[in-house]
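The structure presented is a predicted model; accordingly, all values stated were derived computationally and were not measured.
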Amino acid sequence: MKTIINKIGETRLTPARFFGFFLRSTTKARCGYWAILFTLVIALTSCSDDLDVQQSYPFTVEVMPYGDKITKGQTVELRFEIKPEGNYANTLYTIRYFQYDGEGTLKLVDGPVLVNNDRVLLESKTFRLNYTANSSEAHKFLVVVEDSFNSTPWQQTFEFNSKDSGDNDGGKTPGIISPVNPGTITPIAR
């Protein structure tokens, strides 16, 4: 038994002995072994868990200016545009609203009337809402836009004060500037 262990210990493992099967085989077989070894090395080193495909991007919503006074039966148009920081084609956006004060209806132009606190799918990143006042008091509601990845939603509160026909300078429309008679205009001689 000692002789076998001594013989194993005396035998040195050299690179030539370890890779001898490559050197003794035919050229065609060597190429096959090297191809397999090369494929294994590439396969083991090319796997990475660091691949990050971003689908959810933060977004903002731009609102065009709108009037802040409304009377019963009047409709105000609100224009919106969703501006995401990146572009992922499969992102879907929904809208919902919650009315705090007043009575009115909010409707997507060319779309359905929104139900208080129900989500509706937006078909475009640019959309318009029509708010129609059903009462003569002040109106206040919150609009929320969310994406399909449940990222931070965008929200804004809209407030409309009631305007009575007797307010603001005896029934004149607020915000309209009446022209002042400048008197006689004489051209300046050169």
Side-chain angles (χ1 to χ4, degrees), residues 51-190:
L51 182 61
D52 184 26
V53 177
Q54 185 173 354
Q55 297 175 343
S56 176
Y57 292 97
F59 66 94
T60 59
V61 179
E62 289 184 4
V63 181
M64 295 295 292
Y66 58 92
D68 63 347
K69 303 250 186 220
I70 195 167
T71 58
K72 184 177 180 179
Q74 184 181 7
T75 300
V76 174
E77 183 180 68
L78 305 169
R79 295 180 183 202
F80 299 83
E81 183 175 0
I82 299 172
K83 300 261 185 170
E85 289 182 12
N87 188 14
Y88 182 67
N90 295 331
T91 303
L92 300 174
Y93 295 96
T94 58
I95 187 170
R96 62 188 171 95
Y97 89 106
F98 181 76
Q99 184 139 12
Y100 297 107
D101 293 327
E103 291 180 25
T105 57
L106 191 62
K107 179 185 183 311
L108 276 165
V109 174
D110 301 328
V113 173
L114 301 179
V115 177
N116 204 12
N117 221 15
D118 279 357
R119 288 186 182 172
V120 173
L121 181 66
L122 293 171
E123 295 179 9
S124 173
K125 290 180 185 173
T126 304
F127 60 97
R128 295 178 295 160
L129 295 173
N130 284 340
Y131 180 75
T132 304
N134 294 338
S135 65
S136 57
E137 55 198 32
H139 300 266
K140 185 176 179 182
F141 57 90
L142 174 73
V143 173
V144 180
V145 177
E146 298 169 299
D147 66 3
S148 53
F149 298 102
N150 294 326
S151 63
T152 306
W154 173 89
Q155 58 187 15
Q156 181 173 335
T157 300
F158 293 88
E159 296 182 42
F160 298 99
N161 296 320
S162 66
K163 64 178 179 184
D164 296 319
S165 59
D167 289 347
N168 300 325
D169 301 329
K172 293 183 183 176
T173 306
I176 304 292
I177 299 172
S178 302
V180 177
N181 184 0
T184 307
I185 300 176
T186 0
I188 300 175
R190 291 187 185 195

Visitor: Hey, could you give me each pair passing ring-ring contact (aromatic ring centres under 6.0 Å, His included) that has a residue in residues 103-127? Not counting sequence neighbours.
Guide: Phe80-Phe127

Visitor: Is the Tyr97 to Phe158 ring centre distance short of 6.0 Å?
Guide: no

Visitor: Determine the minimum heavy-atom distance between Tyr131 and His139, stating which atoms define it.
Guide: OH-ND1, 2.7 Å

Visitor: Would you give the length of the straight line joining atom CD1 of Ile70 to atom OG1 of Thr132, rounded to the nearest 0.5 angstrom?
Guide: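 Here the interatomic distance stands at 7.0 Å.
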
Visitor: Please tell me if the side chains of Asn116 and Phe98 come closer than 4.5 Å, counting only heavy atoms from C-beta onward.
Guide: yes

Visitor: Calculate, to the nearest 0.5 Å, the distance between atoms CG and NZ belonging to Asn161 and Lys140 respectively.
Guide: 11.0 Å

Visitor: Can you list the residues that meet the salt bridge (charged side-chain N to carboxylate O under 4.0 Å, His left out) rule with Lys83, with sequence neighbours excluded?
Guide: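 Checked Lys83 against salt bridge (charged side-chain N to carboxylate O under 4.0 Å, His left out); matches are Glu81.
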
Visitor: According to side-chain hydrogen bond (donor to acceptor under 3.5 Å, both in side chains), who are the partners of Ser135, at least two apart in sequence or on a separate chain?
Guide: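 Counting only residues at least two positions away or on another chain, Ser135 forms no side-chain hydrogen bond (donor to acceptor under 3.5 Å, both in side chains).
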
Visitor: Answer yes or no: is there a side-chain heavy-atom contact under 4.5 Å between Arg96 and Glu146?
Guide: yes

Visitor: Nearest 0.5 angstrom please: Leu106 CG to Leu114 CG, how far?
Guide: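 These two atoms lie 4.5 Å from each other.
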
Visitor: List the steps and the verdict of side-chain contact (heavy atoms from CB on, under 4.5 Å) for Gln156 and Val63.
Guide: CA-CA 9 Å; Gln156 181 173 335; Val63 181; 3.6 Å; yes

Visitor: List the atom of Val144, the atom of Pro153, and the distance in Å for their closest heavy-atom pair.
Guide: CG1-CB, 3.9 Å

Visitor: Using side-chain heavy atoms (C-beta onward) and a distance below 4.5 Å, is Val143 in contact with Leu78?
Guide: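 No. Closest side-chain heavy atoms not under 4.5 Å.
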
Visitor: If we only count heavy atoms from C-beta on, is the Asp147 to Ile82 side-chain gap below 4.5 Å?
Guide: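 Sidechains of Ile82 and Asp147: no contact.
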
Visitor: Go through the steps for Leu129 and Val109 under the test side-chain contact (heavy atoms from CB on, under 4.5 Å), then give the verdict.
Guide: CA-CA 6 Å; Leu129 295 173; Val109 174; over 6 Å; no

Visitor: Has the side chain of Gln99 got a donor or acceptor atom that lies under 3.5 Å from a matching backbone atom of Asp101?
Guide: yes

Visitor: Can you measure from OG1 (Thr91) to CZ (Phe149) and round to the nearest 0.5 angstrom?
Guide: 4.5 Å

Visitor: Provide the closest heavy-atom pair for Ser136 versus Ser162 in the form atom of the first, atom of the second, distance.
Guide: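 Closest approach of Ser136 to Ser162: O-CB, 2.8 Å.
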
Visitor: Taking all heavy atoms of Glu137 and all of Gly102, pick out the closest pair and write down the distance.
Guide: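 Closest pair (atom of Glu137, atom of Gly102, distance): OE2-CA, 3.2 Å.
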
Visitor: Hey, what do you get for NZ (Lys72) to CG (Asn134), rounding to the nearest 0.5 Å?
Guide: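 Lys72 NZ to Asn134 CG: 8.0 Å, rounded to 0.5 Å.
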
Visitor: Taking all non-hydrogen atoms of both residues, which atom of Glu77 and which atom of Arg128 are closest, and how far apart?
Guide: OE2-NH1, 3.0 Å

Visitor: Using a 4.5 Å cut-off on heavy atoms from C-beta on, say whether the side chain of Thr94 contacts that of Val145.
Guide: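 A side-chain contact under 4.5 Å is absent here.
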
Visitor: I'd like to check Val120 versus Pro112 (side-chain heavy atoms, cut-off strictly below 4.5 Å). Are they in contact?
Guide: yes

Visitor: For Glu123, I'd like to know if atom CD has over 12 heavy atoms of other residues, nucleotides or ligands within 6.0 Å.
Guide: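 Open: at most 12 neighbouring heavy atoms sit under 6.0 Å from CD of Glu123.
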
